Amino acid sequence: MSLTSISTITDRIQHQPGWEGVRDWGLIIQAWAATVSPAIADRTQPKSLSRGVLTIATPSSSLAHQLTFGRQALCLQFNRLIIAPPIDELRFVAAGYRQYTPTTTESTSIPIDSGEIVICGQCQCRARQGELLRWGVCQYCAIDLKIL
């Protein structure tokens, strides 16, 4: 008796009739990760595909709002990847938002939501001026750099 690897078994199952949706969903997840930057890919997750509309979950409404501005370019870039089934539209929803609470060692004199909208020098995303004054980068880059 020979042992068969799990990846071989799952490949065989996914290539059986009726498993096209599971296989396509795996391709969608891979294509989304290849479409956006690693910082955005870590904070987003494809949730559903219905009638050509791919819904992406984000941890905050502000990130969902920012991504909505670039959804046409993201959709075009996503569809250029041959591995995934084509989509017509991207929709971003806020889900699982994690509230940030400053520690006692941090300066609380500058509110992070203060100031005008500026561009983060690290990821080129829109951010509040207060975030850049406090951490030097936007909130998402601060998490990546383990400042938060």
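Computed from a prediction, not measured in an experiment: that's the story for all the values here.
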Provide the closest heavy-atom pair for [X] versus [Y] in the form atom of the first, atom of the second, distance.
| X | Y | answer |
| --- | --- | --- |
| Leu81 | Ala34 | CD1-CB, 4.0 Å |
| Trp25 | Lys47 | CH2-C, 3.5 Å |
| Ile28 | Pro85 | CG1-CD, 3.9 Å |
| Ala94 | Ser60 | CB-C, 3.7 Å |
| Ala41 | Ala33 | CB-CA, 4.3 Å |

For the atom pair CG (Asp88) and CG (Asn79), what is the distance rounded to the nearest 0.5 Å?
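Here the rounded value is 7.5 Å.
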Residues that Ser48 engages under side-chain contact (heavy atoms from CB on, under 4.5 Å), provided they are two or more places apart:
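In terms of side-chain contact (heavy atoms from CB on, under 4.5 Å), with neighbours along the sequence ignored, Ser48 is linked to Thr55.
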I need the single residue from Leu90, Leu27, Ile87 that forms a side-chain contact (heavy atoms from CB on, under 4.5 Å) with Trp32. Which is it?
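Considering Leu90, Leu27, Ile87, a side-chain contact (heavy atoms from CB on, under 4.5 Å) with Trp32 is found only for Leu90.
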Has the side chain of Gln77 got a donor or acceptor atom that lies under 3.5 Å from a matching backbone atom of Thr35?
yes
Do the non-hydrogen side-chain atoms of [X] and [Y] ever get within less than 4.5 Å of each other?
| X | Y | value |
| --- | --- | --- |
| Ser37 | Cys123 | no |
| Thr44 | Leu67 | yes |
| Gln66 | Thr68 | no |
| Leu63 | Arg43 | yes |
| Phe78 | Val36 | no |

Between Ile119 and Val137, is there shared hydrophobic-cluster membership here, with clusters defined by ILVMFWY side-chain heavy atoms closer than 4.5 Å?
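No, Ile119 does not connect to Val137 through the hydrophobic network.
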What verdict does the side-chain contact (heavy atoms from CB on, under 4.5 Å) test give for Phe69 and Leu74, after you've listed the backbone C-alpha separation in whole Å, the side-chain angles of each residue and the deciding distance to 0.1 Å?
CA-CA 10 Å; Phe69 286 121; Leu74 288 171; over 6 Å; no
Counting only heavy atoms from other residues, nucleotides and ligands, does the tally under 6.0 Å from CD1 of Ile6 exceed 12?
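No, the 6.0 Å shell around CD1 holds no more than 12 heavy atoms from other groups.
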